[in-house]
Amino acid sequence: MKNREKINSKDWGKKFLLELKDLLIGAAFPFMLSIILSSTVISYTAYGSDDDMGLKIVVLLVGEVMVIAATVIFGRQNGTTAYKKTVQNGNKRMVNAKDDVSRLYIGEYSLVKGVLIPLISCIPFIIFQIIEGAYHNTVCEFALMYAFGWAYFPFKLAGVSQWLNFIWLIPYAGAHFGAYIWGGKTEKKKQEQLASAEEAKGKKKK
């Protein structure tokens with residue numbers, strides 16, 4: 001990618017808002033999947049007695065695999081979409097387009113975004129977990145169980161401190177980050193092949 005032109009200082013506020021909007025869109029589906037899987041499959045971990053511990057663990061493992069798989073799918077899609085935007089915005093800038101999206105490099109591929117997107121989707125979990133850890137209450141407990149069970153139940157079943165639940169942000173964000181890179185690299189190869197094909201077609205016409 002070519003070196004970026006310097007953004008005017010007065011445009012940084014606009015760039016921040018547009019980038020935040022793009023990040024929120026990227027985080028929306030992982031967030032919804034977290035809630036859906038936690039309130040359905042993983043929620044069964046909350047029921048039954050200690051005699052059902054084996055079944056609870058199996059259900060939890062299945063739920064965790066589904067969450068990671070969904071995170072990988074959406075992470076790859078986010079990486080693909082971001083690289084497409086990089087190419088599209090670059091083409092627009094070549095013809096001196098004046099729209100804010102291309103002019104301010106909005107939504108373009110960046111490794112930082114590969115980490116920010118999953119962390120943004122986990123902001124509600126972080127808030128509820130901090131409040132629950134500091135002061136136990138049924139509202140936060142309910143939210144953690146049925147919206148973020150993938151991070152709440154593993155250490156809950158193990159009977160250890162719930163402050164360790166934050167550890168689950170690492171594999172969650174890591175899965176998205178790795179898939180984001182995968183999607184970006186795949187799209188980059190595709191774009192390079194398309195460019196080569198267009199170049200070869202142009203040479204044949206001469």
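Side chains included, hydrogens not; waters and symmetry mates left out as well; all remaining heavy atoms used.
Residues Ile126 and Leu169 have side chains in contact (heavy-atom distance under 4.5 Å, counting atoms from C-beta outward). Side-chain contact between Asn78 and Phe29 is absent, with no heavy atoms from C-beta onward closer than 4.5 Å. Side-chain contact between Leu60 and Pro154 is present, with heavy atoms from C-beta onward closer than 4.5 Å.
For Ser196 and Glu192, the side-chain atoms include no donor-acceptor pair closer than 3.5 Å.
Classification of the Phe125-Phe148 ring pair by plane angle, with boundaries at 30° and 60°, yields tilted. Between Tyr172 and Trp150, the ring-plane angle classifies as parallel under the 30° and 60° cut-offs.
Partner Gln191 forms a side-chain hydrogen bond (donor to acceptor under 3.5 Å, both in side chains) with one of Lys188, Lys189, Glu187, Gln193 and no other, that one being Glu187.
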Assess whether salt bridge (Lys or Arg N to Asp or Glu O under 4.0 Å) is satisfied between Arg93 and Glu108, documenting all intermediate values. CA-CA 13 Å; Arg93 287 190 291 271; Glu108 297 191 11; 2.9 Å; yes
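Rounded to the nearest 0.5 Å, atoms CG (Leu24) and NZ (Lys21) are 10.0 Å apart.
By the side-chain contact (heavy atoms from CB on, under 4.5 Å) test, Val112 is found to be paired with Ser110, Leu116, residues two or more places apart in sequence or in another chain being considered.
Hydrophobic clustering, with ILVMFWY side chains joined whenever heavy atoms are under 4.5 angstrom apart, keeps Phe177 apart from Leu33.
Here the shortest heavy-atom pairing between Gly107 and Asp22 reads CA-OD2, 3.4 Å.
When the shell of 6.0 Å around OH of Tyr146 is examined, it contains more than 12 heavy atoms from other residues, nucleotides or ligands.
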